[in-house]
J.: 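Sharing a structure here in structure tokens format.
Below, all heavy atoms of this structure are taken into account, side chains as well, without hydrogens, waters or symmetry copies.
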Amino acid sequence: MIIFFICITILILGYKFYSPFVEKQAGMDTTVDTPQKRFSEGVDYVAIHPVRAFLIQFLNIAGVGPIFGPILGALYGPVALVWIVLGNVLGGAVHDFFSGVMSIKEDGKSLPEIAGHYYNVVFKGFMLIFTAMLLFFVGVVFIMSPAGLLSNLDVFEGTFFANNTFWVLAILAYYFLATLLPIDKIITKFYPLFGLLMIVMTTLIAGALLLDAPHLPVAGDFLAYFEADHAHDFLEPNPDGLPTWPLLFITITCGAISGFHSTQAPIIARCLTNEKYVRPVYYGAMMCEGIVGCVWALAGIAAFPEGYAGLKALLDQGGPGLVVNHVANSYLGVMGGIMAIIAVAVFPITSGDTAFRSLRLTVVDAFNIPQSLRNRLLLAVPILTIAFFMTKLDFSVIWRYFAFSNMLLSTSVLWLATKYLFDRRAFHWITSVPAVIATGVTISYIMTAAIGFNLSADLGKPIGAAVVIIGLIALVFVHSKHKKLDVA
């Protein structure tokens with residue numbers, strides 16, 4: 001139990017003490033007019049109270065990501081908690097914060113436009129392709145997963161509502177409205193309530209687990225990784241033979257670090273009324289997502305009397321959605337079952353619609369398209385039509401490409417934030433070191449993954465280590481060069 005409290009304490013202390021230092025490097029200015037005040041048009045640039053902005057940002061980036069990912073990551077054992085905490089404090093929260101900073105400093109623009117400003121048109125094109133690709137994959141995943149759940153509910157068995165295509169079309173119809181309508185018509189009215197629901201659900205699950213879970217991790221579980229007579233080195237595979245490096249880092253993204261979050265940054269950056277809200281909204285939302293991730297990793301590790309075998313059996317039977325349903329029903333009864341259905345059905349829908357909204361904004365920014373109703377229609381219809389046909393593809397294939405593009409985008413954003421800090425002559429190490437590590441993980445994954453070069457898993461470790469070492473050496477060289485130029 002103490003291990004879980006240590007993890008939560010580190011996340012909170014990271015916000016309390018590390019985030020002000022990070023904010024200081026960003027150069028926030030509470031006296032300037034934000035994009036919302038300068039470009040208010042009643043569609044996307046709409047003023048939102050900071051508490052609502054926080055809850056919307058939290059829900060946008062969360063969905064079921066910090067639930068499903070940590071449950072799958074629990075297969076690697078207690079080391080999943082280590083990755084969530086360290087990844088969040090040193091990588092994910094910093095990544096999300098600077099996504100918000102750069103967007104609000106650049107008129108609420110999307111990532112490709114920011115990349116073009118700080119680098120060049122080539123990097124802008126690269127970011128445009130991978131941002132659009134990731135948003136499509138996120139949107140499609142968050143059509144397929146809730147549609148599959150809803151069509152298989154016992155209450156709908158034998159009825160028209162058991163048809164998966166019906167739910168796909170129903171979700172797409174909602175996405176069409178949410179993408180098309182001004183942000184204050186649906187998102188700002190209802191999403192804060194869903195954000196609160198996720199907080200309540202997470203709190204109840206955490207309390208129930210700490211009171212009754214049969215396998216709460218203790219310090220010895222972590223020490224076992226480092227004992228001489230154990231083979232469980234940090235980089236060794238889990239019992240299924242899956243290598244921790246790089247697969248754990250790809251499996252648990254939401255909660256630790258996720259490129260998808262940066263695509264959501266412009267939505268709220270266009271609605272904040274003062275730059276002083278950037279840190280509590282962006283860094284704060286990611287810290288809370290880290291807590292959610294820790295709770296569900298704990299559920300995967302500790303909630304099953306059979307231990308790892310129990311978790312694995314349930315995942316094989318029905319995936320992480322079934323694990324959520326089992327844990328919620330077992331520990332919270334009927335009410336828990338209702339919240340589980342909401343978690344695995346409604347939460348992904350709230351992230352899917354903002355994914356498509358972000359895709360529309362990305363295209364609008366890239367091609368400077370006026371925000372008329374006609375133009376919004378012309379964009380929304382083909383985007384959602386393509387998404388419908390993508391739902392016919394194999395879910396596992398979509399998920400693999402989503403995982404890779406998610407990690408690649410987060411790495412790119414960290415490098416973009418590094419350039420932002422270099423230009424300010426600020427302390428760039430807070431983003432450059434995580435960027436180097438993320439680059440090592442990304443390259444290791446694409447070298448060994450089936451969708452990449454499909455090399456031996458044993459090559460992942462030396463390739464990743466080499467990339468990290470070379471990257472750190474290059475950073476020191478570039479830093480020293482900049483220092484000499486500053487002195488000159």
J.: Do Ile114 and Tyr420 have side-chain heavy atoms sitting under 4.5 Å apart?
T.: no
J.: For Leu59 and Ser351, work out which heavy atoms get closest and say how close.
T.: O-OG, 3.3 Å
J.: Roughly how far apart are Thr391 OG1 and Asn164 CG, rounded to 0.5 Å?
T.: 8.0 Å
J.: Are the side chains of Gln57 and Leu272 in touch, meaning some heavy atoms are under 4.5 Å apart?
T.: no
J.: Looking at CZ of Arg376 and CZ of Arg357, how far apart are the two atoms once the value is rounded to the nearest 0.5 Å?
T.: 8.0 Å
J.: Does Tyr277 reach the main-chain N or O of Ala53 with its side chain, forming a donor-acceptor pair under 3.5 Å?
T.: no
J.: When you measure from the side chain of Ser358 to the backbone N and O of Thr263, does any donor-acceptor pair fall under 3.5 Å?
T.: yes
J.: Yes or no on side chain to side chain contact (heavy atoms under 4.5 Å, CB included) for Cys254 and Ile61, after CA distance, side-chain angles and deciding distance?
T.: CA-CA 8 Å; Cys254 291; Ile61 66 174; over 6 Å; no
J.: Tell me whether Ser103 contacts the main-chain N or O of Lys109 through its side chain, where contact means a donor paired with an acceptor under 3.5 Å.
T.: yes
J.: When you measure from the centre of the six-membered ring of Tyr45, is the NZ or CZ of Arg38 closer than 6.0 Å and no more than 45° off the axis?
T.: no
J.: Less than 6.0 angstrom separating the ring centers of His326 and Phe304, yes or no?
T.: yes
J.: Which atom pair, heavy atoms only, marks the closest approach of Trp83 to Ile252?
T.: NE1-O, 2.9 Å
J.: Which heavy atom in Ala285 sits nearest to a heavy atom in Val281, and how many Å separate them?
T.: CB-O, 3.0 Å
J.: Using side-chain heavy atoms (C-beta onward) and a distance below 4.5 Å, is Ile183 in contact with Arg270?
T.: no
J.: If you look at every heavy atom in Pro112 and Leu128, which pair is closest and at what distance?
T.: CG-CA, 3.5 Å
J.: Checking Tyr282 side chain against Ala265 main chain: does a donor-acceptor pair fall under 3.5 Å?
T.: yes
J.: Quick one: are the ring centres of Phe190 and Phe194 less than 6.0 Å apart?
T.: no
J.: Look only at the side chain of Ser330 and the backbone of Val327, and say whether a donor-acceptor pair between them is shorter than 3.5 Å.
T.: no
J.: Tell me the closest heavy-atom pair linking Phe176 and Val381, and the distance in Å.
T.: CE1-CG2, 3.9 Å
J.: Are there over 12 heavy-atom neighbours, none belonging to Asp316, within less than 6.0 Å of that residue's CG?
T.: yes
J.: Please work out which of the three classes, parallel, tilted or perpendicular, describes the rings of Phe126 and Phe123, given edges at 30° and 60°.
T.: parallel
J.: Give a yes or no answer on whether the side chain of Asp107 reaches the backbone of Pro35 with a donor-acceptor pair at less than 3.5 Å.
T.: no
J.: May I ask you to decide if Tyr283's main-chain N or O and Asp96's side chain share a donor-acceptor pair within less than 3.5 Å?
T.: no
J.: Rounded to the nearest 0.5 Å, how far does CD of Gln264 lie from OG of Ser258?
T.: 9.5 Å
J.: What's the shortest heavy-atom distance between Pro70 and Pro66, and which atoms?
T.: CG-O, 3.1 Å
J.: Could you walk me through whether Ile143 and Phe388 pass the side chain to side chain contact (heavy atoms under 4.5 Å, CB included) test, one step at a time?
T.: CA-CA 9 Å; Ile143 296 170; Phe388 171 75; over 6 Å; no
J.: Taking the inter-plane angle between the rings of Phe156 and Phe161 on a 0 to 90° scale, is it parallel (under 30°), tilted (30 to 60°) or perpendicular (over 60°)?
T.: tilted
J.: Are the side chain of Thr354 and the backbone of Thr350 linked by a donor-acceptor contact shorter than 3.5 Å?
T.: yes
J.: More than 12 foreign heavy atoms under 6.0 Å from NZ of Lys185: is that the case here?
T.: no
